[in-house]
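Below is one structure, written out as structure tokens, with a few remarks after it.
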Amino acid sequence: MAKYTMPVETKTPLVLLSGLAADARIFTPQKVAFPQLRCPAWSPPHRQESIDEYAQRLAETLDPGPCVIGGASFGGIVALHLAEHVDAQAVILIGSIKSPSQLPVYARCARPFRFLIPFLPIRFLQLLSRPMTARRMKRFAPFAHGLACQFRDSDPRVFKWSLSRILDWSLAPVPSCPVYHLHGDRDWTLPVKYTDPDKVVVGAGHVLSLTHPDEVNSYLKDVVSQKSLE
């Protein structure tokens, strides 16, 4: 039995936000290990809503009390803002970044072209991804199949809003609680060389919550257990 299937004995609420074009399925191994884990779905954003405005609206639906929050990729960015609106004891970034200065070069170069995002044919791209979502692909390429299914099911409004907010993100909040950062050394989406993580997982890419669940769960357990004792 894999270690990540063993529940962690702590009642501290844990809230994790998925990344761009992803959903709660990206935290499937974490759900097994942390029964108290909540992975809120991405609700449709309001027109031109900022990350902080979205985080404030999300906080109103959660009301978790004292908790540990975090997120993967773009979800980690939103978690930094969410920490200002809930009683966060810690923020955990999983393959994410702490500030706009840690965005890779390609993202910074794409900023002048943000006005093109509303014209992206997301529905068409989702149709193109359908072959990878076929049931037979789950056997031959389970990881790619899972990500394709999440992209297929994602809301184009949320996708375009998230992409826009990444490109116009200019000011990172400074949470009053500690921020912990776990990153993969083979993350090509948000390369580790632009970041300063507390721990680097060797051999892990961008979606390390799925590819390296034991390492992620161990890290989460250390943080959550520490906050439970304080």
Side-chain angles (χ1 to χ4, degrees), residues 2-6 8 14-34 37 39 68-81 83 90-111 132 140-151 162-163 165-167 169 172-175 177-227:
K3 287 193 295 183
Y4 73 77
T5 62
M6 301 174 63
V8 176
L14 176 62
V15 179
L16 295 179
L17 306 177
S18 57
L20 179 66
D23 56 36
R25 285 172 284 186
I26 203 171
F27 295 123
T28 297
Q30 288 69 52
K31 283 187 172 181
V32 175
F34 298 87
L37 172 60
C39 302
V68 172
I69 64 174
S73 193
F74 178 65
I77 294 174
V78 177
L80 289 171
H81 290 263
V91 177
I92 305 175
L93 304 181
I94 305 171
S96 187
I97 53 178
K98 296 185 180 78
S99 71
S101 64
Q102 296 183 346
L103 283 167
V105 172
Y106 73 82
R108 282 175 270 174
C109 290
R111 281 175 169 168
M132 285 303 300
F140 299 106
F143 182 65
H145 171 270
L147 294 182
C149 287
Q150 292 185 57
F151 175 64
S162 301
L163 193 55
R165 298 294 77 81
I166 291 172
L167 295 185
W169 192 39
V174 181
C177 61
V179 176
Y180 301 88
H181 185 181
L182 182 69
H183 215 93
D185 70 337
R186 296 184 182 178
D187 188 331
W188 310 130
T189 304
L190 295 173
V192 68
K193 67 180 180 179
Y194 296 117
T195 71
D196 57 345
D198 299 300
K199 183 174 182 180
V200 175
V201 180
V202 177
H206 192 55
V207 195
L208 62 167
S209 60
L210 288 177
T211 62
H212 292 70
D214 290 339
E215 290 87 342
V216 172
N217 286 357
S218 177
Y219 192 76
L220 290 173
K221 178 183 177 182
D222 289 344
V223 175
V224 173
S225 298
Q226 176 185 335
K227 295 305 168 182

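We're numbering straight along the sequence, starting at 1.
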Quick check against the 3.5 Å criterion: does [X] have a side-chain atom that pairs as donor or acceptor with the backbone of [Y]?
{"X": "Q150", "Y": "D23", "result": "yes"}
{"X": "R108", "Y": "L103", "result": "yes"}
{"X": "Y106", "Y": "T189", "result": "yes"}
{"X": "S162", "Y": "L20", "result": "no"}

Atom pair [atom1] ([X]) and [atom2] ([Y]), whose distance is rounded to the nearest 0.5 Å:
{"X": "L16", "Y": "F27", "atom1": "CG", "atom2": "CZ", "result": "4.5 Å"}
{"X": "I77", "Y": "I97", "atom1": "CD1", "atom2": "CD1", "result": "4.0 Å"}
{"X": "L182", "Y": "S96", "atom1": "CG", "atom2": "OG", "result": "11.0 Å"}
{"X": "H181", "Y": "Q102", "atom1": "NE2", "atom2": "CD", "result": "6.5 Å"}

Side chain to side chain contact (heavy atoms under 4.5 Å, CB included) between L190 and H183, intermediate numbers included: CA-CA 9 Å; L190 295 173; H183 215 93; 4.2 Å; yes
Verdict with supporting geometry, L80 and L93, side chain to side chain contact (heavy atoms under 4.5 Å, CB included): CA-CA 9 Å; L80 289 171; L93 304 181; 4.2 Å; yes
Inter- and intrachain pairs under ring pair (Phe, Tyr, Trp, His ring centres under 6.0 Å), touching residues 189-213, at least two apart: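 Passing the test, one end in residues 189-213: no pairs.
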Does a side-chain heavy-atom distance below 4.5 Å link [X] with [Y]?
{"X": "F34", "Y": "K221", "answer": "yes"}
{"X": "L210", "Y": "P29", "answer": "yes"}
{"X": "V216", "Y": "Y219", "answer": "no"}
{"X": "R25", "Y": "C149", "answer": "yes"}
{"X": "R111", "Y": "P100", "answer": "yes"}

Smallest separation among heavy atoms of [X] and [Y], with atom names:
{"X": "P173", "Y": "P175", "value": "O-CD, 3.4 Å"}
{"X": "C177", "Y": "V91", "value": "SG-CG2, 3.8 Å"}
{"X": "P197", "Y": "V200", "value": "CG-CG2, 3.6 Å"}
{"X": "A79", "Y": "L17", "value": "N-CD1, 3.9 Å"}
{"X": "K31", "Y": "A24", "value": "NZ-CB, 3.5 Å"}
{"X": "S18", "Y": "I26", "value": "CB-CG2, 3.9 Å"}

By salt bridge (charged side-chain N to carboxylate O under 4.0 Å, His left out) - contacts of D196 (at least two apart):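 Once residues adjacent in sequence are excluded, the partners of D196 under the salt bridge (charged side-chain N to carboxylate O under 4.0 Å, His left out) criterion are K98.
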Verdict with reasoning, V15 to I69, per side chain to side chain contact (heavy atoms under 4.5 Å, CB included): CA-CA 5 Å; V15 179; I69 64 174; 4.0 Å; yes
Listed once per pair and sorted, the salt bridge (Lys or Arg N to Asp or Glu O under 4.0 Å) pairs that draw on residues 202-212, sequence neighbours left out: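 Counting only pairs at least two positions apart or across chains, no salt bridge (Lys or Arg N to Asp or Glu O under 4.0 Å) contact touches residues 202-212.
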Flag if over 12 foreign heavy atoms under 6.0 Å of CZ, R186: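 12 or below, so no.
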